[in-house]
Every structure is written in structure tokens, then in C-alpha cells.
Asks: 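Have a look at this one.
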Amino acid sequence: MRNLKVTFLPEGKEVEVKEGTTLFEAAEKAGVYVNSVCGGEGTCGECRLQVMQGKAKSDKHSIGFFTTEEIKNGYVLACQTRVEDDLVVVVPARSRVEMEKIITEGIPAYSEPAKESARTSRREPGYPFDPIVKKVYLELPPPTLADNVANIDRVTRELSKRLSFSRCDVSLRCLQDIADKMREHNWKVTVTVANFEGACRILRVEGADTTDHDYGLAVDVGTTTVVVQLVNLKNGKIIGVEANHNMQAHYGDDVISRMVFACGRGSPQILQKAIVTNINVLTAALVKDSKIDPNDITCLVASGNTTMSHFLYGLTPCSLRLEPYVPTATVYPQVTAKEIGLNINPEAIIEMLPSVASYIGGDTVAGVLACGMADRAEISCLIDCGTNAEIAIGNNEWLVTCSASAGPAFEGSGTKWGMRATLGAIEKVQIDGGQVIYQTISKGKPRGICGSGLIDCIYELARNRVIGRDGKFDLSRNDPRLIFENDVAEYILAFPQETETGQAVTITETDIGNLIKSKGAVFAAVKSLVDYVGLSFAQLGNVYLAGGFGSSIDVPKAIAIGLLPDVEIGRVRYIGNSSLTGARMVLLSGHAFEASRTVARRMTNIELSNYVPFMNEFIASLFLPHTDDKLFPSVHY
Ligand code: FES
């Protein structure tokens, strides 16, 4: 088979591949990220490329995704097209995966925040500073005939005066080193110890006092993005943070398509390799910037949804996706860095926050820890909304959770001009007197609309009565922005001359229908949980919004379209990347680790897929804001 060259424009990246390789695989090899919702199944049409030079062979069924004009101009689906020649291809703006605003910090939500900020504090709010892995400097008494216990026993005997444990294990590698280290350094050693829940494990023995070089990583393994924070375990300070797209996006945009890939054409190990590479790349950048030795990183705590947790451990996710939705594990075993291929100290311990069910993962547990709702008598509600909405309601006595499929609309897919929150995405919209005032991310020319822009848009269209409360356009209006394309009504937000692509950015009646379904699913899930525990919205002391979803939404508008419950605005708080905050809390406190397990055990998960009240609530929510006006007393269109 011939070796052929593929050049990707506009970046100009070149790659050599074997004849017959798909353009999708070639792009992956070249480090060019191409959109993919279906993971290369040929069903989403998101991986559009334009072949400018050379011959490529496309699967016939992909033709359905293009107009005759586009086919003539060389448009193909990357995943359904094989390289047969040296090629020059363009990745059009709408197919490019570009860096979105990644939320790399949580916002403390405790009613009594720590006196110092998280960046400088020795303690996370609510839990004492007591890292699950720590270095302890020991000055040991030299052996004598009267005291000739084994070398390791001399260490554990001294250690037991400083730490509490009922038994202490040691890795073989430490045991092999220990005799020489003790003698070479005149019985002065530093031991790195994992110590929590009454157990202890010695991970490393060094000569002399090295307690100033003691680091850990907190990791948010998101479906879309991965964030790694480097933390000083001696004082709790955050040294740096790095973030990137989850490289698993090559195998599908969302958890379902990645599971389909892992259980079909691919394997869980391919997905595991992708996420481990992600973490290694980000860690390498952090250690380079801070000039630390990766061997001094001896603990990593990760948080993610149940599917991401399975992939990090290389576990099969196949039963997660199918009824009755059974995870392989909800409490993940402690493993070492070398077991999963992380480039830090090989003996470093890896802990993952526990999951609750197939669709309630460690990220929800982390969110509950981060906002402190499980420590207070006051009842709170946590909403983390992406393609899936995860909801937790409760207090220090009880917690209930559920998850509902919100569809990809809020994440920027599934609508004609939907896109992620990257350069050029319309993120804010105001409509007054037929004029549309929009704001785009980084002031780029409009390329599409992201989740917050879509929420604004629906509210503004309803407020201006361009759409009715059923989401249908009022076709009796004489509005130049209201047009028909392929018999579907759509509203122009940005005219062709204003946009990057030269095509109008619009919102169609079908998009609005999909968004109403998405907001209806989120609201119906919250309402179902509130009803399940016999409460009303007025009894929710706090509504916490977590993740990228809450970062730029306009809360009053989100309430007005019936996405969020109609509570006092002051009770709605955005808590940022609470998955990362929760992971760091566990890294810095064995008590927080214990609390995470207690929280996960206490959560009662309501499976909504066969919960009749949810279906009824969902249907009642397919209206702006809702069929029952009494639920939204503050909303008046
Ligand atoms: Fe190619 Fe979905 S159609 S990735």
C-alpha cells in the first residue's frame, strides 16, 4: 500500500498515511481536530471537509448530507472518505473543534467560606487540611542489639507516633531501597505515605528531609474537556492549572457515541489511552512550567461522570448504556500510576470519586461536596447540565438524584447553527424593535450560536412575540428576518455580510422545538425530584449551577423560558467547575474523601426512564415557560 500525503488547511498541517486511511484517521494523526458527534459512524454529518486537490473515495450514503453544489465543490464526510492520492483538504469553520472557554476553577459556595481564598489556603472549606498522601520526615534511632527490629518496622514504629493507622503496607520497590537509604542518610528519611480510613501504605522512601517537594494532581475528566490542577500537598496551594479538549472526542462527541465505539469497532482500552494521554500532556506542561520533578507527584484524584470513570480505568462501559443501566463499578479501586500509564511517580496512588449509578457519577458527588449542601440542614438543589442533566436535591439528612437526557442543544449541537462556546459563537442576544443585538465570544465574526445564546434567543423571540408560547413563529408578522428555507421557518440573527462563513446565522422552528424539549427535560427532572420528596420550589434554599452550562447563562431568561425553577434570583448561584473543586477537596483531605463515599452511599437515585410522573412533567413543560403558569409566577411575556 502506498504512503500518501494529506495537507489540512487552513493550518497547513501535513501527515503521511497509508492509502485507504480515512480522512478522519488522517486528521487525528495530524493533530487536526474535526467535529464528530457520532464517533465516525457516518450518521451525524458533522465531520465535513472540502477536498481541494487529489482523489478521495467517499462512501455513497454520505452524499445525503450535501447539496449538489457542495458535492461539486468537493465536500465529503471525513469519516466516510478514504485517501487514494496526495490530498489537500480544507477543514471548514463549522467542522473545526476549537478551544472553548474551559472552566478551570470552582467557586466556593459554602455559606461560611474559608477565611483565606482557595488559592492561598491551607484548607478547603469545610474539611481539615489532611492530604490523603503526605510526606513525613523521620529521624530514626539507629539499631542496637537491644533494638534490632527490621528496617521497615523501625520506620512504621516511628510513623505510628505521627499518624494513625491500624496496619501499614509497603511497596516492594520501597522495601528494596529502604536499607540503603536509611544508612546512607544517617537514619534520616522522608517517607511518602498514603494514609486514610485507618490504613497506610508507604509509597516512597527518600534520604534526608524532602518534605518541601510534595505534590498532587486534581483532575476533572469531563466528556468535552479535561482539566488538571497541580497542587502543593505541603500547604494546599494551587501551583498551576492546564486544560484541553478530551481527546476521546475523536471517537464520538458524547458518552453514548463513545460507548458505542468502545463496545463495537473500538475497545475501552483505546478510550483509556486517549484520556491517559490527555492527562500526561497536561501534566507535562504543568511540571515544565513549575520546574518540579514528576516523581514528586505522588497522588492523583480524578472526578468524572460514570462513563469517563470507566474509561479512565479501562472498564467496559457496555452495560451502562443499555437497560437496566448497570455500571461495572461505582466505587473504583485504588490503583498506581504505573498500572494505568500515568507519567508521574510510578507508585503514586490514583483515586476516583465514587459514582452512584450509570448516569450519576463522581462529578455529581464532587459537586455536592463543593457546594457543601450535604453538610447543611437547609435544602439545596444542584444542577449540572450538559447533554445529560444531573440533578441532586437534599441536605445533611437526605439526598436524591436523577439524570435526564437534555439533548445536545445546550452543548451547541443538534441545531442548525449550534456550536460550542468557542470563538465567534453568539453567546448573548437581545431583540428590540426588530433589531438584533448580539455578542460573540472573543468578538469573533458570528459562526454559530452556543447554549447561552440559544437560551437568550428563545426568550427574546418570545418576549417580542416573534414566537408563541408553543415555540411556533407568528407567520402573520411582516419581519424581514423571518424567512423560509426548505419549507422550514427560520429567524435571521446575523445576516450573511456579518458572518465568518458568508451564510446567515439563523434559528429555525425545528431548533426552537428541540430547545423546548431540552429545557423541558431539565425542568421536568427538577420538578420530579422536588415532587418525589414532597417539597415545593419555595423550599429550596439554594439552586447551584455547575459546569460550563451555568457560566454564561442569563438566569432570569433561563427562568423565563422555563429551564430553571422560578426561585428568587439571589438563591441561584454559579459554582464553576465543581467537579475539579471536589477532586481537589479529596486530594487535600482524607475527611473529604470519606465524605465523598458517604455522600455517594446516601444518594437515592431515581431512574427517570420509566418514571411516569417525569413523562407527565416533561409533556407539561413543552411550553414557554410551562403549561402551568402558577409554577412561574414571576414570568410575564
Ligand atoms: Fe463523520 Fe459523524 S458523520 S463523524
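If you're wondering where the values come from, they're calculated on a predicted model, not measured in any experiment. Every number for a ligand or one of its atoms is a count from 1 in the order of the listing.
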Asks: Not counting sequence neighbours, which residues clear ring pair (Phe, Tyr, Trp, His ring centres under 6.0 Å) with Phe523? List them please.
Replies: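 By the ring pair (Phe, Tyr, Trp, His ring centres under 6.0 Å) rule, Phe523 matches Phe537, His626, Phe632.
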Asks: Any atoms of ligand 1 less than 4.0 Å from a non-hydrogen atom of Cys47? List them with their elements.
Replies: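 This gives 1 (Fe), 3 (S), 4 (S) as the contact atoms.
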Asks: Does the Arg258 side chain pair with the main chain of Asp253, one donor and one acceptor, at a distance under 3.5 Å?
Replies: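 Yes, the answer is positive, given that a donor and an acceptor are paired below the 3.5 Å cut-off.
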Asks: Using 30° and 60° as the class boundaries, would you call the ring planes of Tyr325 and Tyr359 parallel, tilted or perpendicular?
Replies: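 Answer is perpendicular, since the angle exceeds 60°.
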Asks: Could you check whether any heavy atom of Gly42 sits closer than 4.0 Å to an atom of ligand 1, since that is the contact criterion I want to use?
Replies: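 Gly42: in contact with ligand 1 (<4.0 Å).
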Asks: What are the atoms of ligand 1, with element, lying closer than 4.0 Å to any heavy atom of Cys79?
Replies: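 Result: 1 (Fe), 3 (S), 4 (S).
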Asks: Counting N and O atoms only, with roles assigned by atom type, does the side chain of Gln248 sit under 3.5 Å from a partner on the main chain of Ala274, one being a donor and the other an acceptor?
Replies: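 The answer is no, because no donor-acceptor pair under 3.5 Å joins these two groups.
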Asks: For atom 3 (S) of ligand 1, find the nearest protein heavy atom and state the residue, atom name and distance (0.1 Å precision).
Replies: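 Nearest neighbour among protein heavy atoms for atom 3 (S) of ligand 1, to 0.1 Å: Gly45 N, 3.2 Å.
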